[in-house]
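Below is one structure, written out as C-alpha cells, with a few remarks after it.
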Protein chains: 2
Amino acid sequence: MTTSAKANVDTIQAEIIRRICFLDYPPGQRLKEAALATEFGVSRTPVRDAISRIKHLGLVETRNGVGTVVVTLTHAQIRHVYEMRQHLATLIGTMSPRPVTPGDLARISALLDAAISLERNFDTRFYLELNDQLQDLIAELIGNPVLRSFWRQAYFQAASTWYRVAALAKAEVAAALVQELRDLKDAINRGDIAAVGYVQRVQIGYGYQRIVHHLFSKVD
Amino acid sequence: MTTSAKANVDTIQAEIIRRICFLDYPPGQRLKEAALATEFGVSRTPVRDAISRIKHLGLVETRNGVGTVVVTLTHAQIRHVYEMRQHLATLIGTMSPRPVTPGDLARISALLDAAISLERNFDTRFYLELNDQLQDLIAELIGNPVLRSFWRQAYFQAASTWYRVAALAKAEVAAALVQELRDLKDAINRGDIAAVGYVQRVQIGYGYQRIVHHLFSKVD
DNA sequence: TCGCCGACATCTGTATACAGCTTTGTTATA
DNA sequence: TATAACAAAGCTGTATACAGATGTCGGCGA
C-alpha cells in the first residue's frame with residue numbers, strides 16, 4: 001500500500017497512529033523509518049519527526065540500533081487509561097460544549113444506520129472505522145480545546161486494546177455500539193451534551209469490562 | 001549561557017519548555033533552530049526534534065521561512081487551560097494516588113520554609129523555581145501516569161501566564177504560595193492526597209482570578 | 001550438546017548540504 | 001516624495017551521508 005502523493009509530517013503522524021490504533025501495527029511490531037520513508041515517498045527526516053511525536057504520546061518506544069516498537073500496555077496501564085477516559089467523559093458536558101448543529105444529528109444518524117447494518121453482517125474493519133468516526137464527532141462537540149486534546153490522546157492509547165476485543169466478541173460489541181449510538185442520537189437530538197458525556201462514561205465502563213473479560217481472564 | 005556538555009533531545013526539550021514557562025522566551029519570542037543548535041553544541045536535527053514536540057504541546061508555532069515563535073494565548077485559551085486544570089486537580093486524589101513517603105513531607109516542608117523567606121524578600125526567579133518544584137512534587141504524587149501526563153501538559157500551558165502575574169503582584173503571590181504550602185503540608189502530613197487535590201483546585205481558582213485582575217482588566 | 005565469542009547486518013541518532021519560502025532593504029520610476 | 005518592483009539575506013523543510021549501537025548468526029571449544 002504505497003501512497004503515491006508526497007505526504008507531510010502531520011499526515012504521516014496521523015496515518016501511523018491510525019495503523020497502531022487499528023492494529024495494522026500490533027503491539028511489538030517494529031517500525032522501520034527507512035521503510036516508512038519509502039512508502040510515503042519522503043526521506044527519513046519527516047518520518048522521524050512523526051515518530052518522535054508518537055513516541056511522546058506513549059504509543060511507541062524506540063531503542064537505538066533496534067528500531068521503533070509499538071508498546072505493549074500492561075493491564076495496569078490499560079486500567080489507568082480507561083479510568084482517565086471515564087473521568088474525561090463526564091467533563092465533556094460540563095466544560096463549555098459547542099452548540100449542536102443539524103449536521104451533528106445527521107452524522108450520528110448515519111453512524112447509527114451503519115451500526116445496525118453491522119449488527120447483521122459484522123466486519124471488524126468496518127467496526128473500527130465507525131468507532132473512529134464517532135470519536136471524531138464527539139471530540140468536535142468538546143468546546144474546550146485542552147479537553148479535546150486530552151480526550152483524543154486517551155482515545156489513541158485505548159484504541160488498540162479496545163479493538164483487539166472487538167475481533168473476539170463481535171456480536172457483543174456490535175450490539176453495544178448500536179445501543180450507544182441510539183443513546184447518543186437521543187442526547188444530541190435534545191442538544192444535551194452532558195448526556196453525551198454520561199453515555200460515553202457508561203460505554204467506556206462496559207468496554208473496560210469486556211477487556212477484562214476477554215483479554216485479562218485468559219491464562220497467559 | 002552555553003551548555004558545554006552535549007545534550008540529547010529530551011534535555012533540549014525540557015530546557016526550552018522551561019525557558020518558555022519561565023518567560024525567558026516570552027510570547028512572541030522567535031526561536032532559531034541554528035542558534036539553539038550552536039548553544040547546545042549539537043546540530044539542528046535534535047533541536048528540530050525537540051521543537052517539533054513542543055509545537056505539538058501547543059507552546060510554539062512554526063512558520064516556514066520565518067521561524068518558531070512562542071504562542072500568545074488568548075484570554076479564552078487561558079480560561080480553558082485553567083478550567084481544565086481545576087478539574088484535573090480534583091482527580092488527583094480520587095485516581096489511585098501513590099502513597100505518601102517521609103521524603104514528600106520533607107520536601108514540602110523545605111518548600112514552605114523557602115516560601116516564608118520569599119515573603120520577606122521577594123525574588124521573581126526564586127518564586128518560579130519554587131512553584132516548579134512544587135508542581136513536580138505534586139505530579140509525583142499522582143499514581144495514574146495518564147493523569148500525570150495531562151497534569152504536566154496543562155501546567156506547561158498555564159505557567160507563562162501565571163508567572164507573568166507573579167512579576168506584577170509579588171507580595172500577593174508570595175502570601176498565596178505560603179498559604180498553599182501550609183495547606184499542602186497539612187494534607188500530606190495526614191496522607192490525604194484528595195486534600196492535596198482540593199487545595200490545588202482552590203489555588204488554581206485564585207490564580208485565575210489574579211490573572212483576570214492583573215492582566216485582563218488592563219486596557220490594551 | 002551447550003555455552004561463549006566475534007564478525008556482520010541492520011537500524012536509529014546525528015551532521016550537513018541544499019531547496020523553498022518569507023521578510024526586508026534598496027532602487028528605480030511616476 | 002511615495003510607491004512598486006526586485007534582489008538579497010535568513011529561516012525552516014527535506015534529503016542524504018555517516019557514525020554509533022544492538023540484534024543475529026555462525027564457529028569454536030568444553
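Chain A is the first sequence line, chain B the second, and so forth, proteins listed ahead of strands; every chain is numbered from 1.
Distances were taken from every side-chain heavy atom of A/E33 (C-beta onward) to each of D/dG13, C/dT22, C/dG13; the shortest belongs to C/dG13. Counting only heavy atoms from C-beta on, A/P46 has its side chain closest to D/dT14 among C/dT12, D/dT14, C/dT14. For B/T45, the listed nucleotide lying nearest its side chain is C/dA15; candidates were D/dA15, C/dA15, D/dG13.
The base of D/dG13 does not come close enough to the side chain of B/N64 for any donor and acceptor atom to sit less than 3.5 Å apart.
C/dC21 atom P lies 14 Å from atom CG of A/N8, rounded to whole Å. Atom pair A/K55:NZ and C/dG13:C1' shows a separation of 9 Å (rounding to whole Å applied). Distance CD (A/Q29) to P (C/dC11): 13 Å, rounded to an integer number of Å. As a whole-Å value, the separation of A/E61 CD from D/dT22 P is 15 Å. The CG-P distance, from A/D49 to D/dT12, rounds to 13 Å in whole Å. Rounded to an integer number of Å, the gap from A/I51 CD1 to C/dT14 P is 14 Å.
OP1 or OP2 of D/dA15 sits under 4.0 Å from a side-chain N or O of A/S43. Using a 4.0 Å cut-off, no side-chain N or O of A/R63 falls inside it from OP1 or OP2 of C/dC11. An OP1 or OP2 oxygen of D/dT12 is reached within less than 4.0 angstrom by no side-chain nitrogen or oxygen of B/R48.
Each of A/L111, A/I138, A/I108 was checked for a side-chain contact (heavy atoms from CB on, under 4.5 Å) with A/Q133, and the lone residue meeting it is A/L111.
Not one N or O on the side chain of A/R19 forms a donor-acceptor pair closer than 3.5 Å with the backbone of A/Y25.
Toward the 5′ end of DNA chain C lies the nearest nucleotide of A/L31, the other residue of the pair B/R44 and A/L31 mapping further downstream. Residue whose closest nucleotide on DNA chain D sits further toward the 5' end, between A/G65 and B/K32: B/K32.
Salt bridge present: B/R152 and B/D136 bring a charged side-chain N and a carboxylate O closer than 4.0 Å. Between A/D104 and A/R98, at least one side-chain nitrogen of the basic residue sits less than 4.0 Å from a carboxylate oxygen of the acidic one, meeting the salt-bridge criterion. Using a cut-off of 4.0 Å between Lys/Arg side-chain N and Asp/Glu carboxylate O, A/E39 and A/K32 are scored as not salt-bridged.
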